[in-house]
S.K.: 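Below is a structure I'd like to ask you about.
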Amino acid sequence: QVAETGGGLVQPGDSLRISCTDSRFQVAFYDVAWFRQAPGGEREGVACSGRHDQTQSYLDSVKGRFTISRDNGKEPVYLQMESLKPEDTATYYCAISVGTPCSSGPQWDDAQEYAIWGQGVQVTVSS
């Protein structure tokens with residue numbers, strides 16, 4: 001099962017790192033993305049890391065603040081979040097693809113490209 005850890009309540013401007021692992025698959029061998037969904041909002045792609053060349057893509061509103069990474073291609077896959085804002089408040093989901101959406105351009109943030117999903121972890125940014 002995909003498991004996300006590391007969520008919590010932080011203040012605006014704080015940093016937080018969330019992690020993704022899978023008990024069945026070695027996520028290092030798959031394209032992995034982070035999505036998020038705020039209450040009443042649509043699920044949106046936040047960041048993606050490709051398996052082969054570790055191509056990375058980001059949602060425009062998090063560029064320069066969030067970083068998706070793998071430790072030498074191993075598990076877990078991290079999402080390091082800096083300068084957090086209240087609008088980053090959401091449930092964050094890790095998603096694994098058996099395809100290569102992260103290396104294929106604009107469809108990296110299409111949720112239908114990802115077959116394996118975690119239960120999500122809550123990130124709340126509030127003063």
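Numbering starts at 1 and runs along the sequence shown. For the numbers below, each heavy atom of this structure counts, side chains included, while hydrogens, waters and symmetry mates do not.
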S.K.: How far apart are the closest heavy atoms of Ala90 and Ala38, and which atoms are they?
M.R.: CB-N, 3.8 Å

S.K.: Could you tell me if Gln122 and Thr91 have a donor-acceptor pair between their side chains, going purely by distance under 3.5 Å?
M.R.: yes

S.K.: Do Val2 and Cys20 have side chains that approach each other closer than 4.5 Å (heavy atoms only, starting at C-beta)?
M.R.: yes

S.K.: For Lys85, check salt bridge (Lys or Arg N to Asp or Glu O under 4.0 Å) against everything at least two apart and list the hits.
M.R.: none

S.K.: Under 3.5 Å, is there a donor on one side chain and an acceptor on the other for Glu87 and Thr89?
M.R.: no

S.K.: Does Val62 reach the side chain of Trp34, with side-chain heavy atoms less than 4.5 Å apart?
M.R.: no

S.K.: Among residues two or more places apart or on two chains, list those pairs meeting ring pair (Phe, Tyr, Trp, His ring centres under 6.0 Å) that have a residue in residues 95-127.
M.R.: Phe35-Tyr114, Phe35-Trp117

S.K.: What salt bridge (Lys or Arg N to Asp or Glu O under 4.0 Å) pairs are there with at least one residue in residues 104-127, not counting sequence neighbours?
M.R.: none

S.K.: I need the full list of ring pair (Phe, Tyr, Trp, His ring centres under 6.0 Å) pairs touching residues 76-106, with sequence neighbours left out, sorted by first then second residue.
M.R.: none

S.K.: Ignoring hydrogens, what is the shortest heavy-atom contact between Ser57 and Cys102? Give both atom names and the distance.
M.R.: OG-O, 4.2 Å

S.K.: Apply side-chain contact (heavy atoms from CB on, under 4.5 Å) to residues Thr100 and Tyr30 and explain how you reach the verdict.
M.R.: CA-CA 8 Å; Thr100 57; Tyr30 296 87; over 6 Å; no

S.K.: Table please: side-chain donor-acceptor pairs of residues 5-17 below 3.5 Å, with sequence neighbours left out.
M.R.:
from  : atom 1 : to    : atom 2 : distance (Å)
Asp14 : OD2    : Gln11 : N      : 3.0
Ser15 : OG     : Glu82 : OE1    : 2.4

S.K.: Enter the distance from Gln56:CD to Ser69:OG here, rounded to the nearest 0.5 Å.
M.R.: 7.5 Å

S.K.: Considering only heavy atoms from C-beta outward, does the side chain of Ile68 approach that of Tyr58 to under 4.5 Å?
M.R.: yes

S.K.: Test side-chain contact (heavy atoms from CB on, under 4.5 Å) on Val32 and Arg70; report intermediate values, then the result.
M.R.: CA-CA 10 Å; Val32 178; Arg70 310 175 190 235; 3.9 Å; yes

S.K.: Taking only residues at least two apart or on different chains, which pairs with a member in residues 29-48 satisfy salt bridge (Lys or Arg N to Asp or Glu O under 4.0 Å)?
M.R.: Asp31-Arg51, Arg36-Glu44, Arg36-Asp88

S.K.: Can you measure from CD (Gln1) to OG1 (Thr21) and round to the nearest 0.5 angstrom?
M.R.: 10.5 Å

